[in-house]
Amino acid sequence: MVVIKTDAYNNGLEHLAKVAEFAGVDYIGITENSEVLKIRSLGIILPICRLRLASPKELSTVHSNSQLYGNVEEMVGNLNMCRFLSKLGAEQNKIINVHISLNSGRMSRDGFDMSCPGSKDSIMALLKLKNICVKGIMTHFANADTDSLEILKKLVAEFKTDAEWIISEGGLKRKDVLLHAAASSLAVRIPESHFDMVRLATITYGIKTVKEAPEGLKQILSLYTCVGQIMPFPKGNVVGYGSTCQLDRDSYLAILPFGWSNGLPRNTKYALIHGQKVKIAGRLCMNATMVDITDIHEQVKKGDQVVFIGKQGNETITIDDISESTGTPLNLVIQIDVGKLNAAARYPKKLIDK
Ligand SMILES: *Cc1c(COP(=O)(O)O)cnc(C)c1O
């Protein structure tokens, strides 16, 4: 499964869903109804699975409008939700496929916790509901990147035991049930977690979350703007809101038409101009950023490309670099509306054309 929730982690769902389909993925993972519509409007008919518990409103919208949404498989974690879905299925005269979520990965977000009294009974009861069909049993890990391999293996084994119990007690056939537990970090750290399917987002987009990630991952996103204006300021001046930077020499600042509202953390440190790593002076403003180009000001012209994420000359800035230097969690580094920006996600062009 390729996970393309949140605009494919801001890489652009519209492009990447087609690339994923062409690459031969079996499943698409989403969270929002609007993402289902986008995928269907691209003509993609792959199975879609929602990766969080949906609200009743989301459920009735999707499952009462199959002609628009197609079939969407739902992750379920309590009996009430299953009853509601089965009722929707009955009204529409159809069977809704579900994936039973278990709390083996300790997210305490979506899954039945097998240590709770009543969980096993609830699962047996949902298996008897007429208009839902159990297509999968799954879990999701809270600390796949940080927990020790030993702890993770123990939880993976617990998931397997619980899933097997459901299959045998519920009279299901093993081959009819997809077991899936791993997102990116777990998939690369614990091969035993692969079961029948892995659900990958981060590493699909070329971002390393753990040191065990495969070598040669290429970050597919690049983010760049241009030099808007060039301004001279004297030694001793302070720069930007909060005056967090003081110029230690007469300086030239490149003023960029890009600020934190366009997506990067306010304390982003570096950019690339003319293949050189240059310092951002002070904090990013909402809609502007000042970059110290004193050392290279003779080469720099208005309109020159400025790279925040990606490669220029021999220098590269990765999303991990920004995460590390700003103390911002990896998945929060880019909150970009790609469509609004001079940001370009580079896709294999040939694949998109196909
Ligand atoms: C977001 C999500 C994923 C993808 O996670 P990555 O670590 O980015 O690969 C997989 N499974 C579930 C349930 C998710 O919510």
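Note that ligands are numbered from 1 as they come in the structure, with each ligand's atoms numbered from 1 the same way. Throughout, numbering of the chain's residues begins at 1 and tracks the sequence.
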Set of residues satisfying side chain to side chain donor-acceptor pair (under 3.5 Å) with respect to D292, sequence neighbours excluded: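 By the side chain to side chain donor-acceptor pair (under 3.5 Å) rule, D292 matches T294.
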Applying a 4.0 Å heavy-atom criterion (strictly less than), which segment of H140 is in contact with ligand 1: side chain, backbone, both, or neither?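 For H140, only side-chain atoms sit under 4.0 Å from ligand 1.
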Ligand 1 contact on R109 by region, counting heavy-atom pairs under 4.0 Å: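 The part of R109 near ligand 1 is the side chain, not the backbone.
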So if I count the atoms of ligand 1 from 1 in the order they appear, which ones are less than 4.0 Å from some heavy atom of [X]?
X	answer
S184	6 (P), 7 (O), 9 (O)
L200	9 (O)
T202	6 (P), 7 (O), 8 (O), 9 (O)
K5	1 (C), 2 (C), 3 (C), 14 (C), 15 (O)
Y9	1 (C), 4 (C), 5 (O), 6 (P), 8 (O)

With the side chain counted from C-beta on, respond yes when V156 and F141 share a heavy-atom pair under 4.5 Å apart, and no when they do not.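 Of all side-chain heavy-atom pairs linking F141 with V156, at least one is under 4.5 Å.
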Any idea how Y9 and Y205 line up, ring-wise: parallel (<30°), tilted (30 to 60°), or perpendicular (>60°)?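 Correct class here is tilted.
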Kindly check if the number of other-residue, nucleotide or ligand heavy atoms within 6.0 Å of CD (Q299) is above 12?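 It does: Q299 CD has more than 12 such atoms within range.
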Which residue holds the protein heavy atom closest to atom 11 (N) of ligand 1, what is that atom called, and what is the gap in Å?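 Among all protein heavy atoms, the one nearest atom 11 (N) of ligand 1 is R199 NE, 2.9 Å.
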Could you check E58 against R52 for salt bridge (charged side-chain N to carboxylate O under 4.0 Å, His left out), going step by step and ending with a plain yes or no? CA-CA 11 Å; E58 289 173 313; R52 66 164 164 75; 2.7 Å; yes
salt_bridge(R174, D196) N-O dist < 4.0 Å: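 Between D196 and R174 there is a salt bridge, with a charged N closer than 4.0 Å to a carboxylate O.
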